[in-house]
Amino acid sequence: GSAIATRSDTFTIRCYGEATQSSGETGSVWVEAVVQRFPDYVDATNPAEATTGLSGVNAVLGRRFKVISTRTLKSDEI
C-alpha cells in the first residue's frame with residue numbers, strides 16, 4: 001500500500017564571513033559544512049511519523065540536524 005515515510009537528507013552549506021579590526025585590517029573566510037537531516041524530531045516526545053500535535057519545540061525547530069563535517073575553503077575552491 002501507499003505510505004509516507006520521513007527520510008534523511010544531506011546538505012552542503014557554504015558560508016562567508018568577514019571582520020574588520022579597529023586598526024582597519026580585514027579578514028575573511030569561506031567555510032563549508034556538510035549537514036545531515038534525520039527523520040527524528042528535536043524533542044523525542046513525538047514519533048518521526050507524526051505530522052500533527054507536535055510539541056512546541058518540534059513545531060518550531062522540526063527535525064534533528066547533525067553537522068557531519070566542516071572545513072575552510074581555499075580561494076581556488078570557491
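Remember, predicted model here, so these are calculated numbers, not experimental data.
- Atom-to-atom distance recorded for Phe38:CZ and Thr10:OG1 is 8.0 Å, nearest 0.5 angstrom.
- Contacts of Glu25 classified as salt bridge (charged side-chain N to carboxylate O under 4.0 Å, His left out), with partners at least two apart in sequence or in another chain: none.
- Counting side-chain heavy-atom gaps under 4.5 Å among Ile, Leu, Val, Met, Phe, Trp and Tyr, the cluster of Val34 also holds Ile68.
- Apart from Val29 itself, the hydrophobic cluster it occupies contains Val31, where clustering links Ile, Leu, Val, Met, Phe, Trp and Tyr at side-chain heavy-atom distances under 4.5 Å.
- Closest of all the heavy-atom pairs between Arg37 and Phe11 is CB-CE1, 4.0 Å.
- Taking both residues in full, the closest heavy atoms of Pro39 and Ala48 are given as O-CB, 3.4 Å, listed atom of the first, atom of the second, then distance.
- Judged as a salt bridge (charged side-chain N to carboxylate O under 4.0 Å, His left out), and not counting sequence neighbours, Asp43 has no contacts.
- Applying the salt bridge (charged side-chain N to carboxylate O under 4.0 Å, His left out) definition to pairs two or more places apart or across chains, none involves residues 53-62.
- Residues Tyr41 make up the rest of the hydrophobic cluster containing Leu54, defined by ILVMFWY side-chain heavy atoms closer than 4.5 Å, directly or through other members.
- Leu73 belongs to a hydrophobic cluster whose other members, connected by ILVMFWY side-chain contacts under 4.5 Å either directly or through intermediates, are Tyr16, Trp30, Ile78.
- Arg71 pairs by the salt bridge (charged side-chain N to carboxylate O under 4.0 Å, His left out) definition with Glu32, Glu77, not counting sequence neighbours.
- Not counting sequence neighbours, the partners of Ala33 by the side-chain contact (heavy atoms from CB on, under 4.5 Å) test are Val35, Thr70.
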